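Whatever order the structure lists ligands and atoms in, that order sets their numbers, starting from 1. Computed from heavy atoms alone, side chains included, the values below leave out hydrogens, waters and symmetry copies. Quick caveat, the model's predicted, so the values are computed rather than measured.
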Amino acid sequence: MQEIRLELTKNPKQKPTDESKLGFGSIFTDHMFLMNYDEGQGWHDPRIVPFGDICLSPAAMCLHYGQAVFEGMKAYRTAEGKILLFRPDRNMARLNVSNERLCIPKIDEAFAQKAIETLVSVEKDWIPTAEGTSLYIRPFIIAVDPHVGVHPAKHLMFLVICSPVGAYYPEGLDPVKIYVESQYVRAVRGGMGYAKTAGNYAASLKAQDEAEKQDYTQVLWLDGVERKYIEEVGTMNVFFVIGDEIITPALQGSILPGVTRMSAIDILKSWGMKVTERPISIQEVSDAAKDGRLKEAFGTGTAAVISPIGHLKWEDHVMVINNGKIGEISQRLYDTLTGIQWGKLPDTMGWTVEVK
Ligand code: COI
């Protein structure tokens, strides 16, 4: 494995004093990880350096053609003071799936995980300790060739930055209001929907903005062909409890294969619940709401964790789910998942990795 060069800051920043006001994603720690890729040389020069601006040519290809992929992970501080990562191998594997789709040279997954563990260890004093807080980790890769022509890059940068965070949604664990998007689409099969790439989030901005103006938290995307089947919610995968079945859209290439999604499925199945990954139409959800079979709906994501949906609007049908309150399954899932992540429950699945 390559040696990671370490250059510590001489000007450490003031850490947040009130952890109840962290919000999400606007405070950054003292250091970042960087390495470069150059054709013929591969990934090289891994280093942890003071957090700061990076120098890019205005012609850098990521700025023009969106050849950029990223991941979202968290480091958790347990009551005993240990630091845990949650399934970092899954994030590194998904990063390479995104790389493959975006013609980005693959990274060595074990090395990238080691780099993240080293950075988190350097930044350990930045990991917040208040209930529900964590250190959000954002690995990303950008194409930096100065070239105004559409080709896969030959020069790239891999960076990792960290941010102490609270809840992603201001609602916290209170149910969110979601609007079913019937006009815009996020992705289609054959496109990039399954990759965690900048362009998918750019595609979501317009609908997200319109939803927020109407006082909704995010939008629920429908498939790009028939506008019939449910895909995912802004930054989360989505689950519906209908009767005794828990349904989540199948992975068919247009939605993100969430690490929290796969963990939720495993936890629910371990409780003996019937979890089905299959196409589910918005009509099916609407019908179930009308005849009282729609018991709960919730989203899953690293940033969002488990986020109950209390209100879903599709055209003229406003569905108030579980009286707008968090449901029993969503609450139990939240408690179990976060219990494992914060080391309050035994990690029987072997999902956590301790950072020393
Ligand atoms: C995550 O859940 O980690 C995400 O990447 C979602 C978002 C903050 C873009």
Would you please name every residue forming a side-chain hydrogen bond (donor to acceptor under 3.5 Å, both in side chains) with Lys21, sequence neighbours left out? Asp18
Indicate yes or no for a side-chain donor-acceptor contact from Ser134 to the backbone of Tyr136 under 3.5 Å, with no hydrogens or angles considered. no
Kindly assign one of parallel, tilted or perpendicular to the pair Trp351 and Phe86, based on the angle between their ring planes and the thresholds 30° and 60°. perpendicular
For a quick check under 3.5 Å, do Asp30 and Trp126 share a side-chain donor-acceptor pair by atom type? yes
Heavy-atom contacts under 4.0 Å to ligand 1, chain-then-number order, include exactly Phe70, Gly72, Tyr136, Arg138, Tyr168, Lys196, Tyr201, Thr235, Thr302, Ala303
Residues passing the side-chain hydrogen bond (donor to acceptor under 3.5 Å, both in side chains) test with Glu212, sequence neighbours excluded, are Gln208
Which pairs, with at least one residue in residues 169-192 and sequence neighbours excluded, count as a ring pair (Phe, Tyr, Trp, His ring centres under 6.0 Å)? Tyr179-Tyr216
